[in-house]
Amino acid sequence: MNILVINCGSSSFKYQLIEMGGQTVLCSGLVQRIGDSMGSLTHKKAPGGEGEKKYTEERPFPDHTAGMTRVMSLLTDPELGVIGSLSEIAACGHRVVQGGEIFKQSCIVGEKELEQIAALSPLAPLHNPAHVQGLEVVMRLLPHAPSVAVFDTEFHSTMPQHAFMYALPYEIYEQQRVRRYGMHGTSHRYVAQQAARVMSRQEPGFNVITCHLGNGCSVSAVKDGKCVDTSMGMTPLAGVVMGTRCGDIDPAIHAYLGRQTGMGLEDIDSLLNRKSGMKGICGMNDMRDIHAARKKGDARAQLAFDMFCHSIRKYIGAYYAVLGRVDAIVFTAGIGENDPESRAAICKDLEAMGIVIDPAKNEKRFDNARSISPVGVKVRVLVVPTNEEIVIAGATAALLKEKMA
């Protein structure tokens with residue numbers, strides 16, 4: 001069974017075609033700068049395998065339809081393709097950031113579901129509209145293949161009410177559904193499961209703090225395989241310091257900025273989402289650039305890095321208290337998987353909590369899940385490469401089998 005996995009952004013999308021029998025990635029790719037005067041496409045056949053073929057091209061992609069149509073032609077290309085016909089795609093799995101309280105599990109998408117996902121856009125204005133675009137395009141280009149939405153918020157739907165509620169008048173929750181939803185749930189679920197596997201533990205009785213650290217970052221407390229708290233809130237703006245997002249701040253800052261500067265709500269929202277975080281402090285949001293600047297003595301870059309690490313350490317401490325007992329800390333995503341400096345700084349001076357890393361293990365690079373803590377420590381520290389696509393493909397295949405049963 002071949003499952004096409006799509007992750008759409010407003011001006012880009014990633015894709016993978018996965019053969020579910022062997023959980024083999026047949027091809028993967030990325031289309032960027034959709035709507036710009038010149039776009040780019042990267043396509044890999046048999047990525048990571050001996051027969052890997054990489055193809056890149058630059059051309060305008062005026063919209064998602066143009067980009068997706070080009071990808072469909074590559075999937076069946078005589079040299080770069082991996083299937084003979086688009087009919088070999090059994091279903092399409094789509095990452096959708098915000099499912100609100102409507103979607104607490106994955107679903108096959110029809111017109112009703114499309115409308116509901118679009119209606120949730122105010123909760124994820126940078127993401128859900130793009131997901132709707134992707135769903136509409138794929139449903140039009142592949143009418144034979146059911147489209148399945150897998151929601152980032154799904155994993156966090158197990159949070160107890162005292163964790164997801166805000167201390168606002170209760171009717172605001174009842175009428176507007178203002179509450180903590182969390183994001184990156186597909187990633188948190190996957191790495192928590194993999195951590196249990198690495199440690200040869202069953203998820204019941206296994207407590208883990210998962211740190212998804214990329215340009216967007218979130219931390220989750222996972223007890224017995226279920227999320228009980230997470231750092232992002234109603235939107236992806238809350239939580240730790242991120243690449244361009246401020247994370248947790250005094251909520252009165254919004255009103256203060258409006259009064260003092262005359263900025264409107266949309267301008268303030270844009271400031272906090274796109275111009276803040278590490279970028280707001282030092283002008284850079286790529287951690288590689290920040291490290292390079294730190295090494296040259298850039299005080300602002302050092303400040304941004306220190307703020308980033310400090311905010312994550314605070315959440316690790318808080319979630320240690322929430323869980324009561326922690327078996328492992330897991331780092332994943334771009335920074336979490338590839339940046340030993342950040343991992344070392346985040347875990348520094350946490351020995352009293354049983355959290356220690358081995359400097360030599362931390363510096364080594366592997367493609368698979370691994371422990372970076374010394375033998376015999378109270379809390380294992382793991383690096384687990386995330387694989388949201390395989391989770392999405394698995395959920396899609398399961399729904400398809402259920403439909404066919």
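Here Lys14 does not pair with Glu388 in a salt bridge; the nearest charged N to carboxylate O distance is not below 4.0 Å. In this structure, Lys226 does not pair ionically with Glu203, as no charged nitrogen and carboxylate oxygen lie closer than 4.0 Å. Looking at Asp327 and Arg201, a side-chain N of the basic residue comes within less than 4.0 Å of a carboxylate O on the acidic one, giving a salt bridge. Between Arg189 and Glu154, at least one side-chain nitrogen of the basic residue sits less than 4.0 Å from a carboxylate oxygen of the acidic one, meeting the salt-bridge criterion. Ion pairing between Asp286 and Arg288 holds under the 4.0 Å rule for side-chain N and carboxylate O. Salt bridge status for Lys45 with Glu79: absent, with no side-chain N to carboxylate O gap under 4.0 Å.
Contact check for Cys211 versus Val330: no side-chain heavy atoms found under the 4.5 Å cut-off. A heavy-atom distance below 4.5 Å is not found between the side chains of Ile6 and Arg95.
Residues that satisfy the side chain to side chain donor-acceptor pair (under 3.5 Å) test with Arg197, not counting sequence neighbours, are Gln194. Residues satisfying the ring pair (Phe, Tyr, Trp, His ring centres under 6.0 Å) criterion with Tyr315, sequence neighbours excluded, are Tyr319.
Thr261 places a side-chain N or O within donor-acceptor distance of the main-chain N or O of Met263, the cut-off being under 3.5 Å. For the pair Ser311 (side chain) and Val241 (backbone), a donor-acceptor distance under 3.5 Å is present.
Phe164 does not carry Arg180 over the face of its six-membered ring by the limits of under 6.0 Å from the centre and within 45° of the normal. A cation-pi contact links Arg177 to Tyr173, judged by a cut-off of 6.0 Å to the six-membered ring centre and 45° from its axis.
Between the side chains of Ser187 and His212, a donor-acceptor pair is found at a separation under 3.5 Å.
Checked against the 6.0 Å centroid criterion, the rings of Phe305 and His291 qualify as a close aromatic pair.
Counting only residues at least two apart or in different chains, ring pair (Phe, Tyr, Trp, His ring centres under 6.0 Å) contacts with residues 101-128 comprise Phe103-Phe151.
Atom CZ of Arg300 is surrounded by 12 or fewer heavy atoms from other residues, nucleotides or ligands within 6.0 Å.
When all heavy atoms are compared, the tightest approach of Ala149 to Val96 is CB-CG2, 3.8 Å.
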